[in-house]
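Per chain, numbering begins at 1; letters A, B, ... match sequence-line order.
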Amino acid sequence: MVPDHIITSEEEVKKLLSHYSITTEQLPKIFHDDPAVKAIGAEVDDVIRIVRISHTAGRAESYRLVTRRPKK
Amino acid sequence: MPSPKRIGKIEFGLLSPKEIREMSVRKIIWADTYDDDGFPYPQGLMDLNLGVIDPGLRCKTCDQKASECPGHFGHIELAKPVIHVGYTRLIRKLLRVSCRACGRILLSPNEVEKVVGTDDDQTGDQISEKDVKKERICPHCGEQQLKINFEKPTTFSEVLVDDGKKVEHKLTPADIRARLEKIPDSDLVSLGINPAVARPEWTILTVLPVPPVTMRPSIILENGQRSEDDLTHKLVDIIRINQRFKENQDAGAPQLIIEDLWELLQYHVTTYLDNEVAGCPPARHRSGRPLKTLSQRLKGKDGRFRGSLSGKRVNFSSRTVISPDPNISVTEVGVPRAVANEMTIPVRVTSYNIEELKQIARNGPIRPTVNAPCGANYVIRPDNRRLRLGADNLETVADMIEPGWTVERQLRDGDVVLFNRQPSLHRMSIMAHRVKVMEGRTFRLNPAVCPPYNADFDGDEMNMHVPQTEEARAEATILLSVHENILSPRFGGPIIGGIHDHISGIFMLTHGLRHFKKEEILYLLRFTTIEHLPPVTKEENGTEYWTNKQAFSYILPAELNMVFRASSCKNCDTCKKELCERDAYVRIFNGKLESGTIDKKAIGAFDGQIVNRIIRQYGMRRAAEFIDDLTKLSIRAIMLDGFSYGIDDADLSKTEFGQIEDVLNNAVLDVDRRIKIYEDGQLEPMPGRTVEETLEMQIMQVLGKARDQTGQIAGMHLGLGNSAVLMAESGARGSMLNLTQMAGCIGQQSVRGERIVRGYDGRTLPHFRKDDRGADAHGFIKHSYKGGLSPTEFFFHAIGGREGLVDTAVRTSQSGYLQRRMINALQDLKVAYDGTVRTTGGRIIQFQYGEDGTDPTKSAFGEPVDVKGIVESILKEEV
Ligand SMILES: [Mg+2]
Ligand SMILES: [Zn+2]
Ligand SMILES: [Zn+2]
Ligand SMILES: [Zn+2]
């Protein structure tokens, strides 16, 4: 049910950011205490690749930046 | 373009009395506005220092005229402080969490840290009332605290316990202010207040800003009397009471009178700020109308935010009732001559069009008939002076026109306009049509474009907008044209197509095999540019005949190939294909309808298989042509035979009534039998249900089945010769259930999916015995709409009908609000050139639009590619 979450290497992140010409700030976010983040042991400021199996696209990749959940 | 800026922080603060005095240009002491000569009183509410509204005068502060002066604030020194209603909750909180003697927070530093966290590690929480226990002792000075009572709108009191009796001691605004002053800056931070911009005592007003006259202008009525703005009225009240208060105070009036005046001042200031406070009677105008004071100007749908800032009104628009015209194209809109004469398009004069525009100017502002050439209402000189065209100056103005002038030409046939119906729920709610000037007072539209607008002709009104620039017209034609919007992004199929009589008509035309004489086929195809009739299929007694399928094939593009099943297909286990007795197997071979009936599935809005295929194969424009042809053909087809429905069309014969009677009687007996079993305690409950629930379900089932049986009996009797059956079968309107209820039996009425149980003690109506579980006692209607309901049945029907009304009312309001929130959240997202979905700040929302980068408009009913349709159209065979 839960799609694959993988920590991306530093080079990959660099490539990703230059490909979309963005900074990490512009990536979608995921909180550090998200169960999926905890499961793969990702740290704050890591970028996670999420691979979903899609009915229409076959394989859909997306990326999220791990951020600290703000206290209320 | 300036580079985008990020908002670092937003600061909310209070105006301090010092700031209010500093920004004030004049102390206001007089309640009067104008003297007998109509001149503003100095230091009155309309003082010339506060800005000017009368055209001739100059502002005493900035020396500018009424049009330039922005207005300036004044101030009123209040005799005694009063509470600002907007901050009563904050005041209550502060009184409850701070010490009545020393003003410190009633928590030890440790307790504060527990909530707020340390400087380095802040929790983001602030101290709330709940964190402080009531009536505790101050940890800083040991003072016993008292309970603070708050009574709406602005009364605060301390509760003293004296000899076991509770005594309320009222706190005056001055007392409260003194207490708030004592709270040290350092304690405010943990309460979520920045003392640099908002000292708590500033929530108690000692000086009141007087807004500039520009935001409360007085108007002069027809009888020459001045009428003041509601805010001015309120300020007059405040100054009067304030003045009286001061006088009494100086004269050493008794405490009781002072208190009364203080309360009155508080009331006026409260209603000046907000005239809809709970527990406070609204201040009223002499006429009895509640005054519109500061808060009322901002709040709500017509308030400053939703009404003035987010809401926009436009020029070059018109609105009137709509009515149908199947003879105009779906891409056209019929515009009343009166509207076309009023609405204009500016055309710049060049050496190429000067003669044409001169003629238009000569035609003047009145167009006598729809076929007359358009005129013009204004011409604009190069210096932007507008010259109105009237009967007297047509020739002179026309002769003056030179290149560089602009002529505001009236609408004429073929102009692009935007057409809209509210609520604008999806993008097809605004489409570009071509103008067709018509007589009459309504906008005319082809009924085939009703579905995207969700319009009908029971009094609906629509709006028309006239684009004023070449860019706007280009955008309208390229993006908003009706033929560009046949496909809906909602489901990837055509949303424009035949409705109602189009479907009935085309069904009547194409069902089975019919032969038409020459006059008939020519009548059907008269709207086309037909030059040669298709080959004759039958000759009898010297008369030539053409088939109905040939008539329909004529409007199909050649080379169209498709196979599908019509709406009337009953999904038989083994399809007999071309031999289907319902003629539901549609096969189009090289643009010829070989077999099958054309109905909703083929050409209806939302379904439109043929329309869909034409769009994919021949493009939108051809599809629009097809829809135009189709609407005309089907309307002629339905007129060939005539089509109507009357009360006697729901008539059945004696045999059917007998059968229906039998079915219903048996069902009622069956219900009674089951009730008997239940009452004897013999009923076996279904898994997971109580005995009662089981019985209810059984009864509902039995009665439901009985109703369906009556429908079948009626349906057997009424064939396709019955208009209602034909409409249900073709998908034009209504269902067999509607027919069942008209001719057979209405059936069980329900509330929340259950039989009707509410009413009196143990029964629904006094007409029944207590605890009667029978069919008729709980809302089963065995009559039909045609036959007529009994009084009890009628009552149950009203109960059931009401639920439907309530449901729709609730659903529309809920979905409307949901839609509003969705639009607010999504409105600025767009698909960037690299395929990502981004916010205006360039933040990525999706890496591929919809994860697959597919435009749902171009999808095949949600699927990325219509493999089956493509293969079939090439193989010309069903696969
Ligand atoms: Mg309506
Ligand atoms: Zn001024
Ligand atoms: Zn204290
Ligand atoms: Zn069939």
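Side-chain contact check for B/R838 versus A/I22: some heavy-atom pair is nearer than 4.5 Å.
Using a 4.5 Å cut-off between heavy atoms, B/T854 makes no contact with chain A at all. With a threshold of 4.5 angstrom between heavy atoms, B/Q846 does not approach chain A through any atom at all.
In terms of modelled atom types and a separation under 3.5 Å, the side chain of B/Q848 and the main chain of A/E61 share no donor-acceptor contact.
By the neighbour-count criterion of 12 heavy atoms within 6.0 Å, atom OH of B/Y849 is sparsely surrounded, having that number or fewer from other residues, nucleotides or ligands. Residue B/R89 qualifies as open at atom CZ: its count of foreign heavy atoms under 6.0 Å is 12 or below. Within 6.0 Å of CD in B/Q827 there are more than 12 heavy atoms belonging to other residues, nucleotides or ligands. For NZ of A/K29, the number of neighbouring non-hydrogen atoms (other residues, nucleotides, ligands) closer than 6.0 Å is greater than 12.
A/R52 and B/E851 are joined by a salt bridge, as a carboxylate oxygen and a charged side-chain nitrogen come within less than 4.0 angstrom of each other.
Considering only residues two or more places apart in sequence or on other chains, B/Q126 meets the side chain to side chain contact (heavy atoms under 4.5 Å, CB included) condition with none of them. Every residue meeting the side chain to side chain contact (heavy atoms under 4.5 Å, CB included) condition with B/I845, not counting sequence neighbours, appears here in chain and number order: B/L829, B/V837, B/T839.
In this structure, the separation between CG on B/D834 and OG on A/S21 is 7.0 Å, given to the nearest 0.5 Å.
Between B/G862 and A/T56, the closest heavy-atom pair is O-CG2, 4.4 Å.
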With side-chain contact (heavy atoms from CB on, under 4.5 Å) as the criterion, how do B/F847 and A/I50 come out once you've worked through the C-alpha distance, each side chain's angles and the decisive distance to 0.1 Å?
CA-CA 11 Å; B/F847 286 87; A/I50 303 165; over 6 Å; no
